[in-house]
Amino acid sequence: MSRKKTITTGETMIFDNKFVQQKMQKVQTLKELGINPYANHSDRNTTISKYLNVNADIHHKEDKRDEKRHYIVSGRIKLLRIMGKASFINIEDESGNLQIYVARDNLPEGFYNTIFKKHIEVGDIVEVGGYPFVTGKGELSLHADSLKLLTKAIAPLPEKFHGITDKEARYRQRYLDLIMNSEVRKTFQIRSRVISLTRRFFEDKGFLEVETPMMHPIAGGANAKPFVTHHNALGVDRYLRIAPELYLKRLIVGGFEAIFEINRNFRNEGMDATHNPEFTSIEFYWAYKTYKDLIAITKEYFEYLFDHLDLPTYLPYGDMEVNFNNFREIPLIKSLSEIGGIDESIVNDKEKILAFLKEKGIEVESSLTLGQLQGELFDEFVEEKLIDPTFITEYPVDISPLARRDDENPAITERFELFIAGREIANAFSELNDPIDQYERFKAQVEAKDAGDDEAHEMDEDFVNALSYGMAPTAGQGIGIDRLVMLLTNEHSIRDVLLFPAMKPLSSEHQNEDEE
RNA sequence: GUCUCGUUAGCUCAGCUGGUAGAGCACGUCACUUUUAAUGAUGUGGCCGAUGGUUCGAAUCCAUCACGGGACACCA
C-alpha cells in the first residue's frame, strides 16, 4: 500500500494534516494559558499495575472507596468519555490500563471546562492524582483530584476499537503499533527475556561472552551474499559479517575454551516471513567437546528457557502443538524411512532416489551426489513432519562442508540440526580443525566462486594460519534467536519478532539512485 | 526472482454490471455527574497509491510503475 498520507511519513509533512493543525492550535492556546504542553517532570509515585494490585481490597470495603489513600499515576489517554460535569478516561502506562473518574467539582475552579474538556484529548500523556474507588459497575478506578498534562500529542491516534491493523503501517511506524496494540509489547518482552536468559544460561555454564568484528575484510563462516561498505581512512571495502564463526574459532585457537556471542548477522538476500537482512543468532564454541555434548546442553537450554519463561512445555504453534518434553534424536538416513515413510531399499541408492523423486514429480539435477539427494529427500519428506523437537544427526559429508567427518564412517559428519515445528532452529557440529583439509575446502569454494557461485566462500588465509597453530577439538553451535522467539510467541512472521523489520523505502525516501 | 491478492477520509472498511464518493470511529458544536467501543443531536472532512490508455464520461475497464500481505523458489 502506498502511503503518502499525513500519519505515515511520506511526501507530505505531518504538520500539513488538518487534524494535526487543529491540535497544534490547542498547543498554542495551552501555552497562552500558561500550561506547558511538554512538561519535563512527573510526580508519578506508582505504576498502574501496582495501583490495581495494592488497591484490590477496595472491592471488599463497605463504601467501595478509601479517600485516605492517594496515588499519582501517569499514562497515555486511550479512551475519553465526557458526560457533562464528569468524565471517565482510561489511561495506559507500560504496566496496564486504568480508569479515571474526573469530576468538575473535584478539580480547581475552571480547569474542567476550559482545560480538560477543550484541550486534553485521546493520545495525550497525563498525570492524575486521586484516591481509589470502585464504580457502580465494579471496576477499580481512580477518583481524580488533580490532572496535569505532561505531553500533548498533536497527531491523532487511529480508531479506538479496531486500532491499527494495516501490517505495513504497523511495521513502518512500530511506535504507533505499540501504542495501539499493547499486546505487541509482550512479544518483545519475551524476546528480551529469551536473550537475557540465553546469556545467563551460558555464563552459568562457564562460557565467556565475546564480541568479534561486525565488519569483515572477508565475508566468511557461511554461504551467503554480504553487504559491502567502505572504510575511507583505510581505503578498503569491508563486509558486514554473515557469521561470526571464523573469528570465534580463532579465539578457541587462542586458548579460550568456552565462548559465545549473541549478535546480529547480515545477509544481502531476499526477505520473507522467515528472513530479514539482519538477524540475531547465538553462536557458541566449546573446546574438548563433541556434538553429542551439544545435544545434551541444548536440551538443558530449552528446559532452562521454559522454566524461567514460565511457559507450558506443551506449546501451540499455529495449528500444531509442540511437546517440549519430547526431544527425539534420529540419524538423517533413518529419518527418511521412519518419518518420511520412504522405503529403506531406496534411501542408499542414488539411481533409486532419482527414480523415486521423478515419480513424485520433484525435479532435481541428476548430477547430484548421493548425500545431496538424501538431503533432498529429507527436505521434501521429513522436515515438515518434525513437530516435536528432533535432533537430526549423521549428516552426509556432501552437505556439511564445515563439519568434521565421523571417525568410523567418512561418509557422514559429526553434526546435528535441531528441528521444531517443521523448522530448523539450530545447526551444530564438531568443528573441522585440520588446517590442510580446511585449506582444500576453501580452495574448492574459491573454484565454485570463480565458476559463478556468488555465495561461495573466499579464501581466508589467516584462518588457515590460525588452525595451523592447532585448534583443540571443539564443538560449535548456532541458534537463530529470531526464529526461536517466533516459536515461543506463536508468531509466524519474523517481522513480528523484530521491532523494526527491514522495509523498502517509501518513494520520497529514495536516495543515491542517480549515483548508480 | 515468480505467482497471487491488496492500496478509497486520521483509522477500520463499503462502493468495482463505467454516470465525478459512503458508513462507523475520530474531529468541531450542543446536551448530559458512574461511563467503559458511553449516549443523543448536528456539522466538517477525500486529486479513490502514481502515470498513461480506452471512453462523451474512470475509484470502477486495460497497461506500466511504486509499496505492502500471502504462497512458491533460495537461504538462517
Side-chain angles (χ1 to χ4, degrees), chain A residues 1-8 10-11 14 16-23 25-26 64-65 78-90 97-106 112 117-118 121-123 133-139 141 143 153-173 176 180 221-225 242-243 265-283 363 379 417 423-427 455 478-484 486 492-495 501 503-510:
Chain A
M1 186 179 307
S2 166
R3 305 200 153 257
K4 62 177 174 63
K5 301 302 184 314
T6 45
I7 288 302
T8 309
E11 278 149 29
I14 190 162
D16 298 337
N17 177 271
K18 57 186 180 286
F19 296 106
V20 174
Q21 286 177 352
Q22 212 169 70
K23 286 165 182 280
Q25 185 52 53
K26 293 191 185 200
K64 303 277 186 191
R65 63 187 57 222
K78 298 298 290 289
L79 292 170
L80 189 54
R81 297 180 288 282
I82 295 178
M83 305 165 302
K85 299 177 187 66
S87 303
F88 284 95
I89 65 180
N90 282 76
N97 190 296
L98 175 65
Q99 175 170 270
I100 314 277
Y101 178 68
V102 183
R104 184 191 66 184
D105 299 340
N106 295 86
Y112 185 83
K117 273 169 78 174
K118 295 293 179 189
E121 305 164 282
V122 169
F133 81 114
V134 172
T135 63
K137 296 279 164 65
E139 180 170 344
S141 307
H143 202 291
I154 59 169
L157 286 183
E159 198 237 7
K160 62 189 174 189
F161 187 57
H162 298 93
I164 186 162
T165 60
D166 182 284
K167 289 220 172 199
E168 181 176 4
R170 289 184 48 214
Y171 298 145
R172 286 194 196 278
Q173 295 177 274
L176 201 50
M180 297 310 296
N223 290 47
K225 278 175 241 164
I242 55 175
N265 296 314
F266 307 86
R267 297 193 184 173
N268 206 342
E269 292 167 349
M271 295 152 58
D272 63 24
T274 55
H275 296 85
N276 194 68
E278 48 183 307
F279 64 100
T280 301
S281 70
I282 173 172
E283 286 201 12
E363 284 184 37
D379 292 347
E417 286 198 7
R423 192 177 284 158
E424 184 196 333
I425 293 293
N427 184 15
E455 291 190 357
I479 302 173
I481 297 289
D482 310 287
R483 291 184 183 177
L484 176 60
M486 284 169 70
H492 294 258
S493 169
I494 196 169
R495 295 180 203 94
M503 301 289 279
K504 279 201 197 179
L506 297 169
S507 53
S508 64
E509 295 170 14
H510 279 145

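Note that the coordinates shown come from a computational prediction; the quantities given were computed from them, not determined experimentally. Lettering of chains follows the sequences in order, A, B, ..., and the numbering in each one begins at 1.
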Between atom [atom1] in [X] and atom [atom2] in [N], what is the gap in whole Å?
X	N	atom1	atom2	answer
A/K167	B/U7	NZ	C1'	17 Å
A/E168	B/G49	CD	P	14 Å
A/M271	B/A73	CE	P	19 Å
A/I164	B/G10	CD1	P	13 Å
A/I494	B/G70	CD1	P	12 Å
A/Y171	B/C67	OH	P	17 Å
A/K504	B/U7	NZ	P	19 Å
A/D166	B/U12	CG	C1'	10 Å

Residue pairs involving residues 274-283 of chain A (criterion salt bridge (Lys or Arg N to Asp or Glu O under 4.0 Å); sequence neighbours excluded): A/R264-A/E278
Using the [atom1] atom as the point on both nucleotides, what is the distance between [M] and [N], in whole Å?
N	M	atom1	value
B/U20	B/G28	C1'	28 Å
B/C65	B/G6	C1'	16 Å
B/U17	B/C61	C1'	12 Å
B/C72	B/U64	P	26 Å
B/A50	B/G45	C1'	23 Å
B/G68	B/A31	C1'	44 Å
B/U42	B/U35	P	24 Å
B/G69	B/C48	P	25 Å

Partner residues of [X] under the ring pair (Phe, Tyr, Trp, His ring centres under 6.0 Å) criterion, sequence neighbours left out:
X	value
A/H492	A/Y317
A/Y112	A/F116
A/F19	none

Contacts of type side-chain contact (heavy atoms from CB on, under 4.5 Å), residue A/Q99, not counting sequence neighbours: A/R81, A/F88, A/N90, A/T135, A/E139, A/S141
5'-most by nearest nucleotide on RNA chain B - A/N223 or A/H492: A/H492
Sugar-phosphate, base or nothing in reach of A/G163, heavy atoms under 4.0 Å: sugar-phosphate
Value rounded to 0.5 Å, distance of NZ in A/K225 from CG in A/N268: 7.5 Å
From CD (A/E159) to OG1 (A/T165), nearest 0.5 Å: 9.5 Å
Under 4.0 Å protein heavy-atom contacts per nucleotide of nucleotides 26-35 of chain B, with B for base, S for backbone only and - for none: BSSSS-BBBB
OP1 or OP2 of B/G70 under 4.0 Å from side-chain N/O of A/R495: yes
